[in-house]
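Quick caveat, the model's predicted, so the values are computed rather than measured. FYI, side chains are in, hydrogens and waters are out, and symmetry mates aren't considered; it's all heavy atoms of this structure.
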Amino acid sequence: MNLHHILMAKPWIWSFAATITVWIVTVLFTGGASSFGLSQAALTFAAFSVVVGIGQMFVITLGPGNIDLSVPATMTLSGTLALKLMDVQDGMIVVGLLASIGIGLIIGIGNYVLIKALRIPPIIATLSMSFIVQSVAIWSNRGLRIKPPETLADFATSSLFGIPNVALVALILSIVAWVLLEKSIYGRWISAIGQSTFAARMAGIPVDGTRLVTYMLCAVLASVCGYLLASFSGGAALNMGSEYLLMSIAVVVIGGTAVAGGNSNIPGIWGASLFMFLVVSMLNTYGFGAGFRLILTGLIIIAVILLAGGRQSLR
């Protein structure tokens, strides 16, 4: 197999190649003084994108039209309620995590009930759910910024052997997700559904149950990310999840997961998450504003989708 075929078969290689290129350019521009700090920051902030990206990837793998727009609101509500419940007490850390997971399960079920019972497209159903969830978050927050328990805040902001703890958590979740996708019957089911829902039903795959579990899994990962992000940033803010709406979709698409469904890519999510953080860092270094960064992110996504189309036409 030559290099061209390897690059076509392993689309995640592109995201890592782009990441390395941007990292080198940024380090050269800063004189190399901040290479370790830049790498640590990239791993830290990419970790949050990886966690929500994995959940979004599972949903997108279900096929055309499947997407979860309630991710940012889920993160906000989870972070807000978990911190209120823990009330700065170290003894409540596990209870707060379990509450976050419970919130994700409820939102995931709510999303699929809207999709199935009302027969409305997932993009509309999850957007509607996001308004409900965000309203609950606003009502429960009441302008307060409760701090996380000290032990949890220390964990979220510390490193082990130079690798940020949040990146290690994201790595563990990535491995679990990879096992689910590649080694379990569930992984085969969602790939089959993504390739053809009709054929999956004919083959006896429980399509509705699988889709329900997938939306629950996405919401739980968003909740866990909200819990970690609120702990890392010293409190839950009402806009804490807003940037992850575009980001959760961008890292999936740039990472090589098929937009049409049926094919997912976990290594690519890491490459894409690191790439997106480094691009933002580079643009900040050069003095570009938030508006330009959003435009560039959109252009990158469009370019990747066009390249993906080109790859598929070559097969």
If you measure only the distance, is there a donor-acceptor pair under 3.5 Å linking the side chains of S49 and S273? no
How close do I67 and I249 get, heavy atom to heavy atom, and via which atoms? CD1-CD1, 3.5 Å
Might you work through the side-chain contact (heavy atoms from CB on, under 4.5 Å) test for M276 and I254, ending with a clear yes or no? CA-CA 9 Å; M276 293 304 297; I254 295 169; 3.5 Å; yes
Option from W270, F45, F48 for which ring pair (Phe, Tyr, Trp, His ring centres under 6.0 Å) with F277 holds: F45
Validation row: F58, L181 side chains within 4.5 angstrom (heavy atoms): yes
Over all heavy atoms of both residues, which pair between T74 and A219 is shortest? Give the atoms and the distance, please. CG2-O, 3.5 Å
On a heavy-atom basis, the closest approach of M86 and I93 is SD-CA, 3.7 Å
Spacing of OG belonging to S158 relative to CG belonging to L168, to within rounding of 0.5 Å: 11.5 Å
Going by the rule salt bridge (Lys or Arg N to Asp or Glu O under 4.0 Å), which residues pair with K116 if we only count those two or more places apart in sequence or in a different chain? D208
Between atom CH2 of W189 and atom CG of L62, what is the distance when rounded to the nearest 0.5 Å? 13.0 Å
Just by distance, with hydrogens left out, do S159 and N165 show a side-chain donor and acceptor under 3.5 Å apart? no
Do L98 and V51 share a hydrophobic cluster, counting only Ile, Leu, Val, Met, Phe, Trp and Tyr and linking them when any side-chain heavy atoms are less than 4.5 Å apart? no
Heavy atoms, side chains only, cut-off 4.5 Å: are L81 and S140 in contact? yes
Would you say F155 and Y227 are hydrophobically clustered, going by side-chain heavy atoms of ILVMFWY under 4.5 Å? yes
Would you check, one step at a time, whether the test side chain to side chain donor-acceptor pair (under 3.5 Å) holds for Y186 with T214? CA-CA 9 Å; Y186 166 73; T214 305; 2.7 Å; yes
side-chain contact (heavy atoms from CB on, under 4.5 Å), that's the test. Do M129 and I107 meet it? Break it down for me. CA-CA 8 Å; M129 179 58 74; I107 294 170; 4.0 Å; yes
Following the transitive rule for hydrophobic clusters with a side-chain heavy-atom cut-off under 4.5 Å over Ile, Leu, Val, Met, Phe, Trp and Tyr, establish whether V176 and L105 coincide in one cluster. no
Out of curiosity, does I132 fall in the hydrophobic cluster containing I106 (side-chain heavy atoms, cut-off under 4.5 Å, transitive links)? no
Could you measure the distance from the CG atom of N239 to the OG1 atom of T76? Nearest 0.5 Å is fine. 7.5 Å
So which heavy atom on S100 is nearest to which on A82, and how close? OG-CB, 3.5 Å
Should the heavy atoms of other residues, nucleotides or ligands under 6.0 Å from CD1 of I123 be counted, would the total exceed 12? no
Enter the distance from S223:OG to I103:CD1 here, rounded to the nearest 0.5 Å. 6.0 Å
Side-chain heavy atoms of T44 within contact of F232, under 4.5 Å: yes
Step by step, would you call S70 with N111 a side-chain contact (heavy atoms from CB on, under 4.5 Å)? CA-CA 8 Å; S70 65; N111 276 330; 3.1 Å; yes
Hey, is CD on E150 packed in by over 12 heavy atoms from elsewhere, all under 6.0 Å? no
Is the closest side-chain heavy-atom distance between R211 and N66 below 4.5 Å? yes
So do L245 and V71 actually touch side chain to side chain, heavy atoms under 4.5 Å? no
Would you say that T126 contacts Y215 through its side chain, given a criterion of any heavy-atom pair below 4.5 Å between the two side chains? yes
So CE of M57 and CD1 of I269: to nearest 0.5 Å the spacing works out to 4.5 Å
Assess the residue pair S130 and L69 against the criterion (side-chain contact (heavy atoms from CB on, under 4.5 Å)); give the C-alpha distance rounded to whole Å, side-chain angles, the decisive distance to 0.1 Å, and a yes or no. CA-CA 7 Å; S130 75; L69 298 186; 5.5 Å; no
Are V207 and F198 joined in one hydrophobic group, where the rule is that I, L, V, M, F, W and Y side chains link up if heavy atoms are under 4.5 Å apart? no
Minimal heavy-atom distance between V52 and A222, with the atoms involved, is CG1-CA, 4.1 Å
Side chain to side chain, I124 and P121, heavy atoms closer than 4.5 Å: yes
Interatomic distance, CD1@I60 vs CD@Q56, rounded to 0.5 Å, equals 4.5 Å
Residue pair I54 / S174: nearest heavy atoms and the distance that separates them: CD1-OG, 3.5 Å
Side-chain touch C225/M75, heavy atoms, less than 4.5 angstrom: yes
